[in-house]
Amino acid sequence: MIQRDVLVVGAGPAGLAASIEAGKAGAAVLLVDLNMQPGGQLFKQIHKFFGSSAHRSGTRGYDIGEQLLREALEAAVEIWMQSTVIGIFPGNKIGIERGMDGKEKELVTVLARKIVIATGASENAIRFKGWTIPGVMGAGAAQTMINVNHVRPGKRVVMLGSGNVGLIVSYQLLQAGCDVAALVEAAPGIGGYAVHAAKIRRAGVPIYTGYTIVEAKKGKDGCVCGCIIAKADDKYDPIPGTEEAIECDAITLAAGLKPVMDLPKLAGCTLTYSSAFGGYIPIHNDRMETSQKGIFTAGDAAGVEEANTALEEGKLAGISAAEELNLISKKKADILRKEIWERLVSLRSGPFGERRLKEKESVLKEYAKRAGIPAAEDQEVEKCH
Amino acid sequence: MSLINTGYLEYEELKAVQKLPGKERYKKGPVAVMECVQEIPCNPCEAACKFGAIHIGEPITNLPALDGEACTGCGACVSKCPGLAIFIVNKAYSETSATVAFPYEYFPTPMAGEKKKAVNRKGEVVCEGMVVKVMNPRAFDHTPVVTVEIPKEFADEVRSIQRG
Amino acid sequence: MSEYFSDDMIVCRCEEITVAEIKQAIKEGAKDVVGVKRRVRAGMGLCQGRTCEKLVQQLIVRELSVTPKEAGTSSARPPVRPVTFGELAGGAID
């Protein structure tokens, strides 16, 4: 059986950051991801990132991805791409369908002393008449098409959802040469950053707040040829009699993301429900360790946020895993963690972050309560903020 | 705020949230107009300004504050803003015309001398504009900054050009 | 609920389960996502509920007036991603 110090599942920003930190500390790290290339969603992000100028903001997502890959190589992280974790079994055994260049995939078992689950999130679907017609897709799928595969999802797109994903992907659809016929948002106000909304308004995209899509129309070719939108009531249900028709050949859905929970469930991690973080997430402490000793989590899998917070959480997990392996002293790990938490608190500040800041605190509290941690250490959790 | 419902700010609303350059400052030439109105964790503009004219400080969610006297209107901050929310307005460009410089990340990149339809914050065409300058050095990292000349009365309105 | 949410609308694409079938499962006593999954197979297909789990959750929330938390989440078992029998036979989980 293959043995490694740390196995990291998911090579997005959180998984890469965790691998880099553990690798730098001297751990034998194996990073596994089912995609062709490491980087997670970073290589789709062609826009410049928000955040602190001290930490890569103003840099485009794909450049951050390149930087992280270089750091991972320098930290001697072993990366298996096109490799899928199919299960976590008792005794920290991980079943992996390993992709081999040009060869058939094979199942291997890895025994890992520490595991980091950084499996990210998946897009939420929205149900309306015709939502299964070809041409209706997730905004993330459309983003992959334009920014990775260089294929337009359609000539004229209607976007549903005005969170940052909906706004940014609308902008990138325009950059790719598509028209965005409308951005539709069921809530009364725009969900994401106003500056992102301003970009697409300036480019002439109409924004319909308080509207929802009620039907995707099927054309002669069986694909989307338009949609019907209508005013939404306070439950986001359409109000009859307020319908408007919009011509389009693609409908993209940006209805939020939910953490991917297969592996935490299999590993027996205690989960908690958090609407601010997109659904069920594993309870964890300030070291990103779940209720299962030796199993860590980070990034969107620990609550949907954004790449900056994912990076910082990944670092927490990597440092803490290395500390448990006695590769980093407690003193050093504590100093590093304190700095990271300061950055996380700053990233979660302001009107857009406050809710996540509070919710993260209650996740840590729930861990202290439910994972049976003594009260003394519970206070340490509190101190970190 | 209309911004929250419609994605753009009326000029009057912008003025209520951000301290904009005054008449006297505009007389002196180009100056940055920061159309950043929400407390989001972001500060690259602060580091981008080598004249120290932009202040955010701590916490990082503070709105940027511009020191109009220190600002030279050089435009270094325009391409650095991830929100594309900084513009350089020069109301002293000539007797009758002003210039507005804005980030423009669409193809084709316009060229100096081209006539373009100038649009406001809602994407509505307000007047004809003449592209007078396009800056796209490597340091701007694929965010060209385009300067258009427009009739002076539209200097507070025009924020981009029609695509294509 | 509006006329647009008709009962013949598909919720689980993999197993082609409609709104009506899920409502029926709820009527028969399903109280959460797992209950619906066991009765009508919604979430048991290729994607293992990645697409429909939230939609099933929403239906339960509406029909039973419960919170999303009470509507629950589905259970997971290996393999969490599809693997071929060939791979299963060729490799060894030891």
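Chain letters run A, B, ... following the sequence lines, proteins first and then strands; every chain starts at 1. If you're wondering where the values come from, they're calculated on a predicted model, not measured in any experiment.
Across B/Gly83, B/Cys81, B/Cys36, the residue that shares the most heavy-atom pairs under 4.5 angstrom with chain A is B/Gly83. The greatest number of non-hydrogen atom pairs below 4.5 Å with chain A, out of B/Ile161, B/Asp141, B/Val119, is found for B/Asp141. Comparing A/Gly189, A/Pro188, A/Ser52 by how many heavy-atom pairs each has under 4.5 Å with chain B, the most go to A/Ser52. Between chain B and the residues A/Ile200, A/Ile207, A/Val195, the most heavy-atom pairs under 4.5 angstrom are made by A/Val195.
Looking only at distances, no side-chain donor or acceptor of B/Glu105 sits under 3.5 Å from a matching main-chain atom of A/Gln175. Side chain of A/Lys48 to main chain of B/Ser79: a donor-acceptor pair is present (N/O by atom type, distance under 3.5 Å, no hydrogens or angles).
Of the atoms belonging to A/Asn164, not a single heavy atom falls under 4.5 Å from chain B. Both the backbone and the side chain of A/Pro351 come within less than 4.5 Å of a heavy atom of chain B. Heavy atoms of A/Phe49 lying under 4.5 Å from chain B belong exclusively to its backbone. At a 4.5 Å heavy-atom cutoff, the contact between B/Lys80 and chain A is made by backbone atoms alone. At a 4.5 Å heavy-atom cutoff, B/Gln162 makes no contact with chain A through either its backbone or its side chain. Only the backbone of B/Asn120 comes within less than 4.5 Å of a heavy atom of chain A; no side-chain atom from C-beta onward does.
Residues A/Ala203 and B/Tyr106 come closest through the heavy atom pair CB-OH, 3.4 Å. Closest approach of A/Ser349 to B/Pro41, counting heavy atoms only: O-CD, 4.5 Å. Nearest approach of B/Pro44 to A/Gly58, heavy atoms of both residues: CG-N, 4.1 Å.
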Which atom pairs, donor and acceptor, lie under 3.5 Å between side-chain atoms of residues 61-68 of chain A and protein residues at least two apart or in another chain?
from, atom 1, to, atom 2, distance (Å)
A/Gln67, OE1, A/Arg56, NE, 2.7

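Atom CZ of B/Phe107 and atom CG of A/Leu174 lie 14.0 Å apart (nearest 0.5 Å). From A/Ser346, atom OG reaches atom CD of B/Glu58 across 6.5 Å, with rounding to the nearest 0.5 Å. Rounding to the nearest 0.5 Å places OG of A/Ser57 at 6.5 Å from CD1 of B/Ile60. Rounded to the nearest 0.5 angstrom, B/Glu39 CD and A/Phe352 CZ are separated by 10.0 Å. Atom CZ of B/Arg159 sits about 9.0 Å away from atom CZ of A/Arg202, to the nearest 0.5 Å.
Side-chain contact check for B/Thr61 and A/Arg348: no donor-acceptor pair (N or O, by modelled atom type) lies under 3.5 Å.
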Worked verdict on B/Thr143 versus A/Arg60 for side-chain hydrogen bond (donor to acceptor under 3.5 Å, both in side chains): CA-CA 11 Å; B/Thr143 304; A/Arg60 295 187 190 275; 2.8 Å; yes

Worked check of side-chain contact (heavy atoms from CB on, under 4.5 Å) between B/Leu9 and A/Arg201: CA-CA 10 Å; B/Leu9 270 181; A/Arg201 265 317 298 242; over 6 Å; no

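Around atom NZ of B/Lys152, more than 12 heavy atoms belonging to other residues, nucleotides or ligands sit under 6.0 Å away.
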